[in-house]
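In what follows, chains carry the letters A, B, and so on, assigned in the order in which the sequence lines appear, proteins first and then strands, with residues in each chain numbered from 1.
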2 protein chains.
Amino acid sequence: MPRGNCQGQGWWHGKFRDCGYRLTIGREAILDILSRSEGHLSAEDIYIKVHPKYPNVGLTTIYRTLDVLSNLGMVYKLDFGDGRARYELAEGPKGAHHHHHLVCTGCNSVIDYTDFIDEEVELLQQTEKGLGKKYNFKINNHVIQFYGLCGKCSVNK
Amino acid sequence: MPRGNCQGQGWWHGKFRDCGYRLTIGREAILDILSRSEGHLSAEDIYIKVHPKYPNVGLTTIYRTLDVLSNLGMVYKLDFGDGRARYELAEGPKGAHHHHHLVCTGCNSVIDYTDFIDEEVELLQQTEKGLGKKYNFKINNHVIQFYGLCGKCSVNK
DNA sequence: AGAATTAATGAAAATCATTTCCATTTATAA
DNA sequence: TTATAAATGGAAATGATTTTCATTAATTCT
Ligand SMILES: [Mn+2]
Ligand SMILES: [Mn+2]
Ligand SMILES: [Zn+2]
Ligand SMILES: [Zn+2]
């Protein structure tokens, strides 16, 4: 009977180790929070969620880890114009869960949407290919955000 | 013979006044710099360009004016991930000159592109309409940016 | 397992873009 | 011209992020 159990270890161990990074409590905690939280967390949001369980993980480590994860492409660093960076897991273990954003300039709320029109995906691929060739650019990511007013804010306006 | 001449006054006077804002030297200088500069200027970039001619326009005014212009929709405030906001004129007097961005994550250079815009614009309008209805969202702007490595950075990598 | 090696960490200090304060100036309308 | 409120600049404050550096801990090697 194997003594280690792996079910709780998270799918990222492999990728993480492969890149030469050490596995630490702090990093696991951060990844754990990111994977079980919906939404767009700031560094401090994450710190506050991590702290009760791991009081000795500092905010500095949160920033450093998010930077590593972002460089590895495991996390997206986003800017919604509220003066602090926001982070979300790039994708789950099963593969992509790609989405774009609707940002309310009134209340700063953000809606994820995945209901792309079929043509949207296709156009994006064409565009990436075309632009890549024309400008000799190796594209590996994109950000699409719509700005406007949510229902509440249109009314209260 | 009319004594004022208007040719140098800039097309924005009207819009600006209509919104109840006063016309000041500083504001004109900033708009002037924005309209005659290519590229994506930070507040400080603008300050440096304005300063020789108008040494008594302070950085604070640059920030305040950019905020006003941005709220009026005359200027886009952009984030390319280098820690400072960048600004560009939304459009010239003749109408739109809409474009999107290719951002190099290696050297932070940015390419404006207008290729594929036609198809994109059409799709975008569909998408805006669809999303607007579904999420009860009044969309009035969007940001599309592709991230990757420019030619130089792919090589030097 | 124990020691050696080196990455990772936390706490405090530093950085730096942006914002706030407030006394003074200035654009605009009466 | 005068009255009025908006706009300004310079200094100080703010606040997110980064840097520093002495200490700790993960991994590798006996
Ligand atoms: Mn999202
Ligand atoms: Mn541009
Ligand atoms: Zn809203
Ligand atoms: Zn580059």
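To the nearest angstrom, C1' of D:dT27 lies 15 Å from CZ of A:Phe16. Atoms CG (A:Asp45) and C1' (D:dT17) sit 15 Å apart, rounded to a whole Å. C:dT9 atom P lies 12 Å from atom CD of A:Glu28, rounded to whole Å. In this entry the distance linking CD1 of A:Ile62 with P of C:dA11 reads 12 Å, nearest Å.
For B:His99, the ring-ring contact (aromatic ring centres under 6.0 Å, His included) partners two or more places apart in sequence, or in a different chain, are B:His97, B:His101. Taking B:Phe16 as the reference, B:Tyr21 meet the ring-ring contact (aromatic ring centres under 6.0 Å, His included) condition, with sequence neighbours excluded. Residues passing the side-chain contact (heavy atoms from CB on, under 4.5 Å) test with B:Lys15, sequence neighbours excluded: B:Met74. Taking B:Asp82 as the reference, B:Arg86 meet the salt bridge (Lys or Arg N to Asp or Glu O under 4.0 Å) condition, with sequence neighbours excluded. Legend: residues meeting salt bridge (Lys or Arg N to Asp or Glu O under 4.0 Å) with B:Asp32, ordered by chain and number and at least two apart, are B:Arg36. By the salt bridge (Lys or Arg N to Asp or Glu O under 4.0 Å) test, B:Arg64 pairs with no residue at all, sequence neighbours left out. Applying the salt bridge (Lys or Arg N to Asp or Glu O under 4.0 Å) rule to B:Lys134 yields the partners A:Asp115; only residues at least two apart in sequence or on another chain are considered.
At a non-hydrogen distance threshold of 4.0 Å, A:Asn56, A:Val57, A:Gly58, A:Thr60 from residues 47-60 of chain A come into contact with DNA chain C. Residues of residues 63-84 of chain B having a heavy atom closer than 4.0 Å to DNA chain C, listed by number: B:Tyr63, B:Arg64, B:Gly83, B:Arg84.
Side-chain atoms of A:Ser42 do not come within 3.5 Å of backbone N or O of A:Ala85 as any donor-acceptor pair.
Note on residues 140-151 of chain A: pairs passing side chain to side chain donor-acceptor pair (under 3.5 Å), not counting sequence neighbours, are A:His98-A:His142, A:His100-A:His142, A:Glu128-A:His142, A:Gln145-A:Tyr147. Contacts classified as ring-ring contact (aromatic ring centres under 6.0 Å, His included) and involving residues 53-79 of chain B (residues at least two apart or in different chains) are not found.
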query: When you check every protein heavy atom under 4.0 Å of nucleotides 24-30 of chain C, what one-letter string (B, S, -) results, 5' to 3'?
result: ---BS--
